[in-house]
Amino acid sequence: MSDRRLEVDALTKRYGDTVALDGMSFDVRAGEIFGFVGSNGAGKTTTMRIILGVLAADGGEVRWDGVPVDHETRSRIGYMPEERGLYPRMKVGEQLTYLARLHGLGAAEAAQAVRSWTERLGVHARFGDEVQKLSLGNQQRVQLAAALVHNPEILVLDEPFSGLDPVAVDVMSQVLREKAAEGIPVIFSSHQLDLVERLCDRVGIVRAGTMVACDTVERLQASGGEELLVHAPAAAEDWASGLLGVTVRGRENGRTVLALAEGADDQAVLAAALATGPVTEFARRRSSLTELFRHVVSAETHTGETASTGETGK
Amino acid sequence: MTTGNHQSGQLSNVEAVRLVAGREMSVRLRSKAFLILLGITAVAFLAVPIITKLAASGPKTEHVAVVQADAEYGRQLEGLAGKLHQKVAVTVVADQAAGTAAVRDGKADAFVVSHGANGTQVTVEKSLPDSLQTLFSFAGAAEQGPPPASQQVHATTLEKTDPQQGQKIAIAITAGLLMYLILMTVGQMVAQGVVEEKTSRVVELLLATIKPWQLLAGKVAGVAVVGAIQLVVPGVLGLAVGMADGQLSVSLSASVGSLLWTLAWFAAGFWLYAMIFASAGAMVSRQEDLGGVMAPIMMPLIAGWVVAISILPGNPQSGLGEILSFVPLTAPVLMPMRWALGVAPVWQVLVALALTLACGVLVLRFAGRIYRNSVLRSGARVPLREALKAA
């Protein structure tokens with residue numbers, strides 16, 4: 001594995017009065033799968049578009065292997081835009097060949113790459129069909145093929161898993177792992193946090209155009225602290241709300257999820273629970289990525305929301 | 001072509017434009033719409049001369065007027081016409097004035113003013129039909145008795161006209177109509193092509209690979225070739241048929257000249273309009289919104305055509321026509337017509353062409369900017385002011 005890195009350095013972007021990116025920084029190493037998560041409008045798509053040069057940043061820089069990314073480098077990036085885009089009335093094979101040629105492949109080479117990727121992704125049977133005649137899932141596979149046909153050095157995929165059936169999710173995951181194993185930095189955004197948790201080496205959580213947490217999945221989970229899961233069927237809704245050093249995170253299948261502050265006494269929580277009646281379950285667990293995500297993103301929700309509205313779809 | 005090594009990477013500008021243009025052409029040339037439109041124009045250009053010819057041939061009766069004193073000569077004419085398998089109807093008129101009036105009103109094709117040893121004098125409106133020319137010369141010869149030398153026939157025309165004027169007008173209208181239709185259709189093709197890429201969002205994928213101007217230039221070039229095919233095929237067919245059956249006696253070089261000028265004008269006019277149509281397309285996100293932004297662009301084109309068709313054939317020297325044939329947005333339709341009519345000297349054509357091209361260069365600057373600023377924005381129509389903002 002080489003030590004080349006895709007560095008996103010202090011990107012800023014405004015649309016009129018709204019701030020889309022406010023000092024977005026992170027890096028993705030070669031051979032690493034990087035999950036990019038954040039609520040809608042947090043700046044994921046804007047960041048990816050700037051990496052691809054489709055949008056110009058107001059400030060900051062994107063570097064690959066220490067050199068600012070230019071048009072030449074970009075032709076070696078595989079990109080899957082958030083809003084899927086292919087010519088609806090062009091045949092699958094011709095379309096992919098065209099895109100491969102645009103990335104600089106020769107005619108024979110392009111034909112070869114298109115063959116192998118359509119077979120690999122299970123759409124070779126639809127080679128001669130117009131894209132608009134394909135199911136949404138198959139269109140998605142063609143879209144992934146479009147990101148891969150030119151044998152890219154970097155992969156940037158905006159929500160590659162949305163709209164995929166479980167089989168396609170497995171195919172996609174496997175392709176991403178393979179590409180990473182070849183030493184390619186893979187960055188993708190997703191709202192499916194379980195997938196991100198399973199697939200990614202590192203995860204970056206964005207809020208309001210800034211990276212608020214960026215680390216390996218394990219360390220992120222550790223930073224979220226431990227949770228208590230209490231099932232006290234007879235208890236009132238707010239039985240735990242008065243307890244010292246305890247935050248109620250919510251309810252899950254009738255169980256109450258609690259976060260404990262540093263040094264808070266879990267035995268006191270158990271006693272309080274028992275005071276309400278029988279306790280059928282009392283367990284400790286590590287925060288899930290979902291929980292952490294919710295926690296990180298909901299902090300300062302108000303500023304976050306107002307700053308990011310209007311960013312999507314641009 | 002770059003050598004096909006695996007990470008060959010970046011395309012040269014020319015290759016990028018060529019690839020985009022190639023896709024544009026291959027998709028359009030295979031589209032049903034194109035083939036149907038080409039078929040219709042080709043058939044129309046083949047059919048018009050053939051129909052005119054069919055209508056003109058056939059046993060048409062020629063009407064000849066004679067004065068009372070020549071009634072006997074008239075009967076001779078009818079008899080001779082019968083032998084020649086021609087149909088001639090002779091009318092006897094009161095006097096010379098009545099005969100001339102009959103020709104002017106179209107009641108008679110020719111009026112025999114006098115006949116005799118000095119040849120035959122006839123009055124016609126524009127030109128003496130070949131069949132009557134033959135008839136008069138034979139009739140005169142028969143009258144003189146042997147030796148049967150063919151008799152001189154002098155035709156006086158009532159209208160002072162350039163004998164080729166009719167053909168010139170036909171060629172001018174054809175050229176103007178072709179320019180108008182082609183600019184209109186290919187202009188809309190460009191706009192729709194741009195919107196299609198926006199609507200399907202494929203433009204984001206394309207712009208992640210190539211530069212906006214490469215995409216724009218390739219698209220415009222591809223559509224231009226398609227448009228040129230649509231112009232040349234019916235043009236050549238029409239000229240070929242017209243000359244084959246002798247309706248067009250304008251020399252081959254003049255016809256080819258007209259076609260070449262029309263092509264040059266097509267190139268200049270298309271360049272100008274394509275840029276404008278492309279920026280209009282970039283500003284909207286849906287085909288339904290396209291009509292609104294295209295209407296103001298089509299106005300000068302339509303206005304030019306209306307002036308061209310309503311004023312020029314009747315009055316080729318029209319001052320309005322002359323002025324508009326220098327205005328870049330109307331010149332591509334009007335100047336080729338004035339050239340075909342023979343009223344525009346070469347310097348005028350060249351100046352107007354230069355003006356149109358200069359305007360095209362200016363528009364390219366703004367169109368490129370509008371395109372770049374708008375093509376990735378979806379949703380509502382991009383206001384012109386924002387689209388023009390420097391990036």
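Numbered from 1 within each chain, the chains take letters A, B, ... in sequence-line order.
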Side chain, backbone, both or neither: which part of Glu204(B) has a heavy atom under 4.5 Å from chain A? both
Quick one: pull up CZ in Arg89(A) and OG in Ser31(B) and give me the separation to the nearest 0.5 Å. 9.5 Å
Between the CG atom in Leu205(B) and the CG atom in Leu52(A), the distance rounded to the nearest 0.5 Å is 8.5 Å
Non-hydrogen atoms of chain B under 4.5 Å away: do they reach the side chain of Met90(A), the backbone, both or neither? side chain
Holding to side chain to side chain donor-acceptor pair (under 3.5 Å), I want the full list of residues that pass it with Glu178(A), two or more places apart in sequence or in another chain. Arg120(A)
Residue list, ring pair (Phe, Tyr, Trp, His ring centres under 6.0 Å) with Tyr79(A), at least two apart or on another chain: none
Out of Leu86(A), Ile51(A), Val131(A), which one racks up the most heavy-atom pairs below 4.5 Å with chain B? Leu86(A)
Across all chains, not counting sequence neighbours, the side chain to side chain donor-acceptor pair (under 3.5 Å) partners of Lys219(B) are Glu24(B), Glu197(B)
Is atom CZ of Arg63(A) surrounded by more than 12 heavy atoms (other residues, nucleotides or ligands) closer than 6.0 Å? yes
Of all of Arg84(A), Gln95(A), Gln132(A), which one pairs up most often with chain B through heavy atoms under 4.5 Å apart? Arg84(A)
Contact part of Val203(B) toward chain A, heavy-atom cut-off under 4.5 Å: side chain, backbone, both or neither? neither
Would you please test Arg101(A) and Arg23(B) for side chain to side chain contact (heavy atoms under 4.5 Å, CB included) and show each step? CA-CA 11 Å; Arg101(A) 298 287 310 273; Arg23(B) 191 205 80 88; over 6 Å; no
Of the listed residues (Leu206(B), Leu207(B), Val27(B)), which shares the most heavy-atom pairs with chain A below a 4.5 Å separation? Leu206(B)
Identify which one of Arg74(A), His71(A), His150(A), His103(A) satisfies the side chain to side chain donor-acceptor pair (under 3.5 Å) criterion when paired with Thr209(B). His103(A)
Is it the case that atom CZ in Phe127(A) sees more than 12 heavy atoms from other parts of the structure closer than 6.0 Å? yes
For Leu102(A) and Val20(B) the tightest heavy-atom approach is CD2-CG2, 4.3 Å
The interface call for Leu99(A) against chain B, heavy-atom contacts under 4.5 Å, is side chain
Residue by residue, which of residues 140-148 of chain A have a heavy atom closer than 4.5 Å to a heavy atom belonging to chain B? Gln143(A), Ala146(A)
